[in-house]
Structures are given as structure tokens and as C-alpha cells.
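A quick write-up on the structure given underneath.
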Amino acid sequence: MNNPLSTIQPAQVGLWLLGFLFIPATLFFQPNLGGEGMSISHNISVWIGAVVVISSALLLMLKTKQFRYPKYWLAMAALPISMIILGFIVNNVLPTEWLFRQLYILGGFVFLMALFQFRFTPRDIERGLMLVLLCGSIHALYGISQIFWPNILTSFITPSRNVPYSTFQQINIHASFQATVLMIGVYLLSRPVSLTRSPLLTSMLLVSTFLSSFIVAFSGSRVGIIGAAAGLLILTLCHWQYFWKRKSLTLAVLVTITAALFMGSQGIERSSGKLGDLTSLNEAGVAQSGSNSRINIYNIAIELFRQQPLSGYGIGSFQKVWHDQKVDYLDRYPEANLPPERLSHPHNELMFWLVEGGLIAVSGIFISVAAILYAAFRCGWRRGLSYTALLLPIGLHTQVELPFYISNIPWFLMLFLVFIILHHRQRTRRLRLSRSAEMTMGVMAISLTLGVTAIMIQTVQANQSIIRFLNGRMTEPMLLQPALNNPFFRDSAELYLMRTLLLRELNAQQGQFAPQFIEWAEPYIEYTPIPQLYIDLSRAYLAIGDKQNALRSIDAGLARYPKLTSLQQSARLIKEAAAGMSKTPPQTADNQASKVSTASVTSQQVNAPTAATAPTQRQETLAQ
């Protein structure tokens with residue numbers, strides 16, 4: 001009797017795994033602080049899904065005794081190789097961030113190679129794209145529910161302010177994702193699958209097209225609208241003859257898109273209003289007004305690149321070197337228009353890597369991109385342009401924001417689209433492994449899935465511990481223990497713990513913990529210049545009677561964030577307290593530190609419960 005599992009084809013397994021990756025894994029949500037990486041809930045489950053794909057591919061290799069890979073695999077490996085080279089050349093001051101960045105890039109490359117092991121046929125790839133359409137429709141409906149019912153089930157559904165974030169927690173990323181879904185839907189019209197007279201397929205194409213078009217339009221995202229418009233134009237120019245042959249379906253799609261644009265027209269109006277807000281430049285090319293501060297952000301990044309053009313400043317160094325250079329830039333151009341808050345990324349992927357990795361990192365990116373475009377156009381100019389249109393919305397978004405850092409969904413979607421381009425030319429190598437090597441690889445594949453899943457489950461617990469701590473008004477530091485034991489949340493948990501212990505003592509007019517806080521905060525703030533931490537560090541120095549360093553710390557914060565109102569108010573109070581110390585005996589230093597307004601310097605503490613359930617918010621000046 002045959003085992004039913006033996007009849008399952010690798011492509012079927014691959015499609016089921018992609019279905020898990022793109023649908024249930026992307027919908028996971030728990031209250032969180034927002035931001036980047038594992039702080040966004042669905043990134044945890046998405047990585048579990050990706051690792052399951054990788055492990056399954058390893059087991060398939062053992063079963064078939066074959067390894068399939070793209071012809072241009074070496075060019076695709078250029079980016080991870082360049083990252084490894086940088087690790088030997090540049091001193092990485094933040095080894096944890098360096099490791100996570102390496103794993104992120106290397107994991108993406110391995111995921112791309114894993115997709116080749118499932119032996120997808122062209123029809124299987126079309127089915128995979130249909131899964132992406134289904135994923136897009138679900139997220140669009142999720143977003144529509146946030147428009148009309150923004151605060152229902154806040155423990156399970158991402159809360160919003162009538163904005164269709166979905167689980168992305170950032171409207172521009174959702175818009176670019178839906179623009180890509182729209183490109184896929186229109187692309188499938190030119191494929192044989194659209195010839196199938198299936199009511200289910202036709203309905204899916206029309207529903208997906210309507211929902212994705214509506215989200216893109218309603219979002220008001222300039223980059224999403226531009227990416228969708230440019231992609232539609234390219235696909236129309238490439239396949240107008242195919243669309244003409246499918247007149248009825250093409251007409252239905254046009255009517256669907258038109259209806260969606262009409263219903264989401266208010267977003268288009270907002271977007272056009274942003275385009276009308278032009279930025280004025282002085283003779284030095286410095287932006288002094290307008291809503292777009294990117295010109296100055298890029299100017300500072302270019303200045304840093306010119307100082308270290310070959311290898312950059314090292315992975316994890318951007319916040320330190322950019323804010324240090326910002327001080328010098330503002331000294332030269334005090335009227336420069338820059339974001340008032342802390343910046344962790346220049347909102348341009350190439351600029352980011354120019355600063356942190358220099359020409360070594362950027363050359364790796366360019367080699368991989370050139371290989372993808374070359375492979376695409378080797379398939380013919382029509383198909384090459386079509387593939388370019390599929391990649392355009394996400395690719396364009398990487399040049400105006402940081403989509404891969406906030407959400408991992410665009411990252412794995414882009415890798416799947418790159419696989420579609422590269423799969424036309426692939427090679428197969430026969431594996432000759434000993435029995436012990438096969439057993440070792442099998443154990444590694446299973447251990448990888450179990451290990452990563454265990455780490456990610458603990459990451460969920462770590463996130464919950466921080467949220468419970470903040471919702472409890474930071475009164476129970478022991479709640480942070482799971483986060484302190486987690487590699488992703490350790491730094492954040494340490495920040496909350498150290499601030500809590502310091503503020504407790506200062507509010508009790510004591511300063512015994514201040515020296516320990518200073519020893520921890522000085523190196524921390526150098527590479528993570530959080531505005532609130534400059535305030536806390538100044539208060540700690542006041543608590544030990546060190547007026548000079550207290551003023552130095554708060555002045556350093558003001559130099560980096562001169563337009564931040566909360567920092568300005570706190571600086572005034574700290575300087576008043578420091579001036580008072582000159583007229584009072586040394587033993588009253590703790591009292592002077594405690595008199596600094598708690599309301600103004602602990603705004604993060606007061607707002608923590610709100611932040612714990614709010615979606616990620618970016619400065620409007622940087623929204624697209």
C-alpha cells in the first residue's frame with residue numbers, strides 16, 4: 001500500500017508553505033510599541049514561516065539528492081558577501097545589530113535559494129501569485145475595517161485612526177504592498193491563467209483589483225500612487241494586445257479600477273496637495289521650508305559618505321554619525337529644514353548603505369540589481385518590462401522610506417518576485433552525501449525550525465512583558481525579565497529598567513543609583529541618541545552634583561534636536577536647577593535634581609500605555 005504522502009509533489013508543498021507565509025503569518029498582531037524589526041508583531045510569525053520554507057527545502061534536497069540554483073546565483077550572493085567583507089574591515093561597535101543585519105540579509109538569500117528546490121512550473125508560479133492576490137485582498141479588507149471600525153478588538157486587530165494600516169502599522173508600506181498586488185493582478189491578465197473561464201478566478205481578479213486600487217487611492221501615499229500608476233502604464237504598453245483579446249475581462253478590470261479610484265478620491269486629493277507643497281532651496285542647495293526635509297537628510301548622508309567612501313562607518317553606526325554630522329550641518333545652515341525627532345534611517349536605502357557600508361556595500365547591491373534586470377530582459381523586452389513593473393512599487397518605496405525594516409512582508413514578497421525572474425535559467429547539481437552527512441542535514445533542518453520557533457515564541461512573551469510593564473505605569477520592573485532575556489528586546493528593556501530605577505530615586509530625592517545610570521547611559525546614548533535620555537542623563541549628573549556634565553549632556557541633546565519642544569522645556573528647567581546648585585550647599589544636589597519637572601522629563605513614561613497599543617507613527621514631513 002502506497003503512502004499518500006509520497007504522492008505529494010514538491011511544488012504542492014511549496015505552495016502550501018507560501019500560502020502559510022503570505023496569509024496567516026502576515027496577520028498576527030499583539031499590542032506593541034511599533035517601530036522596526038520584531039517590535040512589529042507580524043515580523044515574528046513571518047520569519048517563522050520563512051524558516052519553515054527553508055527547512056522544508058533542505059529536506060527536499062535530501063530526498064531528491066539534487067540542489068537547484070539560479071544561473072546568476074553568485075551575483076545574487078554579492079550583497080551578503082559584501083556584508084561579510086565589511087565585518088572584517090570595519091570595527092562594528094554594535095555587534096548585536098551587526099549580527100541581526102547579517103542574519104536578515106543572509107536569511108533572505110537562503111530563502112531565495114530555497115524556493116528553487118520546490119520545482120515550481122509556470123502554472124505553479126501563477127498559483128503562487130494568486131496566493132499573493134488573496135493575501136492582498138485579506139489585508140485590504142482588514143484595512144477597510146480600520147476605516148469604519150478603528151477601535152474594535154484592539155488586542156487582536158491593529159488599532160488605527162480611521163487609517164487602513166492593516167497589520168503593517170504604517171500606511172505607506174501597506175499602500176506600496178497593495179500597489180504590488182495590483183501589478184500582479186494586471187500581470188496575470190496577460191498570462192494563460194486568465195484564459196480559464198472560471199467564475200471563481202474572474203471574481204478573485206476583480207475583487208483583488210478593486211480592493212488594492214481602493215487602498216492605494218485612499219491612503220494618499222504618493223509613492224504608492226506613483227508606483228501603481230507607473231507600473232500600470234508599463235504593463236499596458238507591454239501587453240495591450242493581450243488585453244485587447246480579453247476585451248470583456250479587461251473592461252471589467254478598468255471599470256473596477258475606476259470605481260475604486262472614485263471611492264478613494266479623497267486620498268488622491270490629499271496626495272496632490274502634498275505634491276503642491278514645494279521645497280525652497282537656497283544657493284547652497286539647503287531646504288529651508290516646505291514639507292519635504294529629505295534634501296537635507298540626503299545632504300548630511302552624502303557628506304558622511306565623502307568622509308568614509310570605501311567602507312562607511314560600520315553596520316549600526318548610522319544614528320551616531322548622522323546626528324553628529326547634523327550638529328555640524330545646523331551650525332553651517334541654522335535654517336535647514338530637518339525632522340525634529342530622532343532619525344534611525346535616512347529614508348533611502350542606498351543612502352543608508354552609503355553611510356554604513358560605503359562603496360563595498362552599495363556595489364553588492366548594484367551587482368544583485370543588475371543581475372536581476374539582466375535576467376529579466378533575457379526573457380524578452382515585454383516580459384522584462386513586466387517583471388520590472390512588478391518590482392517597481394516596492395523598489396521605489398526603498399528610496400523614500402524603510403519598508404524592509406518596519407515590515408518583513410515586502411522583503412519576502414520581493415524575494416518571491418525575484419525568484420520568478422531568475423527561475424527561467426536555473427541549474428541542477430547532483431548531491432553526493434554520506435549517510436552521516438544526510439542525517440546531520442536532516443537534524444539541522446528540523447532543529448532550525450524548532451529553534452527559531454522557540455526563540456520567536458519567547459520574543460512574543462518579551463514583547464508582552466514590556467507592554468504589561470508600560471501599562472502598569474512602569475511600577476513593576478520584574479515584569480521586564482522576559483524582555484531582558486531576549487536578544488531582540490534586551491536593549492529596550494534595559495532602557496526602561498534603568499530609567500525606572502533612576503526616576504524612582506530622583507522622585508524620592510535620592511541619588512545613589514545615579515552613578516550606575518551614568519555609567520550605563522553614556523555609551524548607550526552615543527550610538528542611540530534618544531532625546532529623552534539626554535534629559536535623564538542630565539538629571540543623573542545633577543543628582544551627584546556634577547553641574548558641568550549635566551549642562552554638557554543637555555546641550556548635546558539640544559544641538560541634535562533644537563526644534564524638539566519637550567527637550568527645550570526640560571533644558572530650561574535643568575539649567576535653572578544647575579544655576580541653583582551654585583548657590584546651595586552640595587548636600588542638596590539630590591533635591592535640586594528632583595525639582596526638575598517630572599511632567600516634562602518623563603513624557604515617555606506618561607505616554608507609554610498609549611504607545612503600547614498605537615501603530616507606528618512617522619513624521620508627516622517624511623510620509624510619502
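Nothing here was measured: the structure is a model prediction, and the numbers come from that model.
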*Could you tell me whether E438 and K65 make a salt bridge, using a distance below 4.0 angstrom between a side-chain N and a carboxylate O?*
yes

*Take Y405 and W411 through the ring-ring contact (aromatic ring centres under 6.0 Å, His included) test and state the conclusion after the steps.*
CA-CA 9 Å; Y405 301 87; W411 173 240; 9.2 Å; no

*In sequence, state the C-alpha distance, the side-chain angles, and the governing distance for Y298 and H347, and then conclude on ring-ring contact (aromatic ring centres under 6.0 Å, His included).*
CA-CA 9 Å; Y298 297 164; H347 287 235; 9.1 Å; no

*Hey, which of H42, E36, Q170 is the one that makes side chain to side chain donor-acceptor pair (under 3.5 Å) with S407?*
H42

_Donor-acceptor under 3.5 Å (H139 side chain, H174 main chain)_ = no

*If only atom types and distance count, is the side chain of S82 paired as donor or acceptor with the main-chain N or O of G364 below 3.5 Å?*
no

*Check whether the side chains of N296 and S293 place a donor and an acceptor atom closer than 3.5 Å, and report yes or no.*
no

*Per the side-chain contact (heavy atoms from CB on, under 4.5 Å) rule, which among L106, L21, V51 passes with F111?*
L21

*If you measure from the Lys or Arg side-chain nitrogens to the Asp or Glu carboxylate oxygens, is any gap between E303 and R306 under 4.0 Å?*
no

*For Y242, look at atom OH and say whether over 12 heavy atoms of other residues, nucleotides or ligands are found less than 6.0 Å away.*
no

*Answer yes or no: is there a donor N or O on one side and an acceptor on the other, between the side chain of Q178 and the main chain of S213, under 3.5 Å?*
no

*Considering residues, nucleotides and ligands other than W244, do more than 12 of their heavy atoms fall under 6.0 Å from its CH2?*
no

_As a quick check of understanding, evaluate ring-ring contact (aromatic ring centres under 6.0 Å, His included) for F488 and F100, giving each step before the final call._
CA-CA 9 Å; F488 301 107; F100 289 153; 4.7 Å; yes

*In this structure, which one of L431, L62, I446 forms a side-chain contact (heavy atoms from CB on, under 4.5 Å) with M441?*
L62

*Is there a donor-acceptor contact under 3.5 Å linking the side chains of W16 and Q12?*
no

